[in-house]
Amino acid sequence: MILRDTNFNFVGRKKIWYLVSMAVILMGVIGFFARGGFNLGIDFLGGSMLEVQFDQDVEVGQVREVMEDIGFGGAILQRTASDQYIIRTTTRDVETKNMILDALDDNLGIQRPPLQDRNVMPGFGRLITRLALIAVGISIMGILIYVWIRFEFRFGAAAIVALFHDVLITLGIYAIFFREINTATIAALLTIIGYSLNDTIVVFDRIRENTSDASKMGYANMVNKSINKTLSRSINTSLTTLTPVIILLFIGSTALQDFALALLVGILSGTYSSIFIASQVLVSWNNRFPKFKK
Amino acid sequence: MRNKKVHIFILFILGAVIGASLYFAYPFMDSIDLGLDLRGGTQIVLKPTQEDIDEVTEESIEQAMFIIRERIDALGVSEPLITRDYTNNIVIQLPGVKDPDRAMEVIGRTAQLEFRILESIDPQTGEAELGPVLMTGDKLASAQAGYDPTGRIVVTMNFTSEGQQEFAEITAQNVGEQLAIVLDGEIQSAPVIRQAITGDAVIEGIGSLADANDVALVLRTGALPVDLSIEENITVGPTLGRDALTGGLYAGAIGLILIAAFMVVYYRGLGLISVINLLLYIIIFWGVLASLGAALTLPGIAGIILTIGMAVDANVIIFERIKEEIHKEKTARTSISQGFKHGLRTIVDSNITTLITAGALYRFGTGPVRGFAVTLAIGVVISMLTSLVFSRTIIYMLAGFRRVATPQFLGVWKRRGLS
């Protein structure tokens, strides 16, 4: 077997893994400030969007010009296909919408009704944001409590560290590439939380099972052995989960691609963190507060 | 190890489940309700905006939903779905709506009709001074839009017999005054009362017949007990969703084939079982989704795609464990039972965390995100069941045959360890 009886020294280089992760997260933080924050969608900020199908291919400049002529120079344009655009403006009424559509139709030619028409009041956006944060909070609390009950507090804490790691990295990627964050992104983030935990728990489960070996070979070696024993499962499951996600990234619609991107980053990060972060935190914890032989 | 009868019984039950799933899942594409984001249509979220928060009660929201349903029916929109989320917002889905803008206008209108005396008009600001409310729209029997004899657009309001009497009294007492007909705070018309009116009342001064029809419609269905404001509205054309659906199905199908190939190459005989397991998973998943009447949404597709990959995880965990036991020079039978014994706890623990997340998403999510939570939760539960019931039973049964229970079959490539 390709990965049978591996004996990689994961634990010995834990400082390197910590540094790698911190560097990636730091890049995200820098990206966040360089971009002036996240690219939040109308789900959170309120506002309007029209997804328009033009009769033929049009350039961003052409659409921009029409929008400027009718006083919407501040509109955000996103090209979803060579002849499709998402046009984001502040919240507007039906008359304004029809004015925008008329102007685009007269100058460039569009198909009506538009592919998508959406209007969110700013207050509703705030509500959605609050609910999303509550959902994340409740999830994390629930998981911490579950892991605490099934394992030990230190396992729960280490799992939460790994989980924050994955969420921060995913959000960092969104900050760096200035990808729009919407409610679907939040759903993807929560799924990443679930997946990351799933992965971490498989490794933890083996560590728990092997705990008795710690007195012989030391805690760090025992953890390292556990990681190696579960390595081929970690990799195989990541592969099988990633396969359809990557395909979706290539052939899905714009909205599905957004979702797939978040999942892709999250799954990679989740697999990485279960091996290189969560388990290492357990070792560091045992070094700091020895319960077993180091 | 359990005996043969138990295994056959389990397979029998499983066969029944699959049969039921196929029954619900057939015909494949038509058995599932599609969410608005996939089939196209309009979704409107209405929030109660009453200043005095006490007035927004469970009852008033229910009543508002009832009235909204009547208005939608009057508009002739098919298959409306009117629900309430836990923040008391009313969520309306209209898959078949032709004119979303008009639907929004009609649905969100409070339609509070009042008859009041116009006392004076401020000559500078043009603001009207109105007397107390003499009568409201709750005593209307019906209302129709049309033209009066002079060809002007009017909405004719017929009172109930009680209303007719009351209206006659009011008009008799106020002959010579101007009677303002106020709809949602706006004076529609204010004719001078020449004599007691015993018949119908009319609203004049409406711009178009279409508008008059809408006014008549909302008056007929009655006033909403609470003011509602449109917080969000989405209209998705049918093509956008169709593209997303086909893209998602292709991704799922291609993913499935690649995963199947990988599993068979890597785990051999066991891999083959996991592929059958995966197919059963998809059939049962589709059947459960269809029988629950849960709508498939765009994020829901992503959820399915994700769970296809995760569904083999339970098998991977067990197979890896079985292989490990084989390498410890144990017999195939012992290896299999050890693999399942150790794998079970891991699988349950790791899946429960995903279920916790799905629960939070369902509770606090809105619209499509809820659809995602439902598919995720269904997927996790079914994948656990199929791998722990189907794979386990089949593998135990096959382990009884000497020719089958070889290390090769269990995915171990080198011939070793079988005692």
Side-chain angles (χ1 to χ4, degrees), chain A residues 1 4-5 51 94 113-121 123-124 127-128 131-132 134-136 138-139 142-143 146-147 150 183-184 186-188 190-191 193-195 197-199 201-202 205 209 229-230 232-233 236-237 239-245 247-248 251-253 255-256 259-260 263, chain B residues 45 47 87 100-101 229 231-237 239-240 243-244 247-248 250-252 254-256 258-259 262-263 266 298-299 301-302 305-306 308-310 312-313 316-317 320 323-324 327 342 345-346 349-354 356-358 360-361 363-366 368-369 372 376 413:
Chain A
M1 255 341 33
R4 219 195 80 213
D5 296 337
E51 188 164 1
V94 176
L115 295 172
Q116 198 177 167
D117 163 19
R118 185 146 186 242
N119 211 22
V120 186
M121 301 302 278
F124 190 64
L127 176 75
I128 298 283
L131 292 180
I134 292 175
V136 174
I138 298 268
S139 274
I143 289 164
Y146 182 77
V147 177
R150 293 287 292 163
T183 41
I186 298 298
L190 280 166
T191 314
I193 291 178
Y195 182 87
L197 250 302
N198 187 311
D199 239 21
I201 282 173
V202 173
D205 206 57
E209 193 185 316
K229 282 284 181 199
T230 49
S232 75
R233 175 266 159 192
N236 286 356
T237 294
L239 280 180
T240 57
T241 314
L242 276 178
T243 306
V245 170
I247 295 167
L248 199 61
I251 69 170
S253 64
L256 281 176
F259 213 91
L263 291 179
Chain B
V45 178
K47 190 180 121 189
T87 56
D101 293 338
S229 75
E231 286 296 296
E232 183 191 38
N233 61 278
I234 315 169
T235 299
V236 182
T239 50
L240 205 62
D243 291 351
Y250 274 124
I254 299 170
L256 198 65
L258 290 178
I259 291 171
F262 172 80
M263 290 301 284
Y266 199 96
L298 199 100
I301 293 179
I305 300 284
L306 186 73
I308 288 176
M310 289 172 80
V312 288
D313 180 50
V316 169
I317 289 175
E320 286 296 327
K323 277 170 143 184
E324 245 181 76
H327 288 307
H342 287 293
R345 197 173 58 174
T346 312
D349 276 347
S350 62
N351 280 309
I352 282 178
T353 54
T354 307
I356 291 173
T357 307
L361 273 177
R363 180 71 173 77
F364 299 102
T366 49
V369 172
F372 174 76
L376 189 66
W413 292 3

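Each chain gets a letter, A, B and so on, in the order its sequence line appears, and its residues count up from 1.
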If you count heavy-atom pairs under 4.5 Å between each of [options] and chain B, which one has the most?
{"options": "A/Leu263, A/Thr241, A/Val202, A/Ile186", "result": "A/Thr241"}
{"options": "A/Asn119, A/Val147, A/Ile201", "result": "A/Asn119"}
{"options": "A/Leu115, A/Val136, A/Ile138, A/Thr243", "result": "A/Leu115"}
{"options": "A/Leu197, A/Val94, A/Leu256", "result": "A/Leu256"}

Locate the shortest heavy-atom distance separating [X] from [Y]; write the atom from each residue and the value.
{"X": "B/Ala360", "Y": "A/Ser139", "result": "CB-OG, 3.3 Å"}
{"X": "A/Val245", "Y": "B/Ile305", "result": "N-CG2, 4.0 Å"}
{"X": "A/Ile247", "Y": "B/Gly255", "result": "CD1-N, 3.5 Å"}
{"X": "A/Ile251", "Y": "B/Ala251", "result": "CD1-N, 3.5 Å"}

Spacing of [atom1] belonging to [X] relative to [atom2] belonging to [Y], to within rounding of 0.5 Å:
{"X": "B/Thr235", "Y": "A/Glu51", "atom1": "OG1", "atom2": "CD", "answer": "13.0 Å"}
{"X": "A/Ile143", "Y": "B/Thr357", "atom1": "CD1", "atom2": "OG1", "answer": "4.0 Å"}
{"X": "A/Leu239", "Y": "B/Leu258", "atom1": "CG", "atom2": "CG", "answer": "11.0 Å"}
{"X": "A/Tyr195", "Y": "B/Leu376", "atom1": "OH", "atom2": "CG", "answer": "13.0 Å"}
{"X": "A/Asp205", "Y": "B/Ile317", "atom1": "CG", "atom2": "CD1", "answer": "8.5 Å"}
{"X": "A/Tyr146", "Y": "B/Ile352", "atom1": "OH", "atom2": "CD1", "answer": "3.5 Å"}

Between [options], which has the largest tally of heavy atom pairs under 4.5 Å with chain A?
{"options": "B/Met263, B/Lys47, B/His342", "result": "B/His342"}
{"options": "B/Asp349, B/Leu240, B/Val236, B/Ile356", "result": "B/Asp349"}
{"options": "B/Asn233, B/Ile259, B/Val316", "result": "B/Asn233"}

**OP:** Using a 4.5 Å cut-off on heavy atoms from C-beta on, say whether the side chain of A/Asn236 contacts that of B/Phe262.
**Re:**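 The answer is yes, as the side chains (C-beta and beyond) meet within the 4.5 Å cut-off.
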
Subject >> Under 4.5 Å from a heavy atom of chain A, the part of B/Thr239 involved >> reply: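 Interface part for B/Thr239: side chain.
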
Subject >> Criterion side-chain contact (heavy atoms from CB on, under 4.5 Å) on A/Thr237 and B/Val312, from CA distance to verdict >> reply: CA-CA 7 Å; A/Thr237 294; B/Val312 288; over 6 Å; no

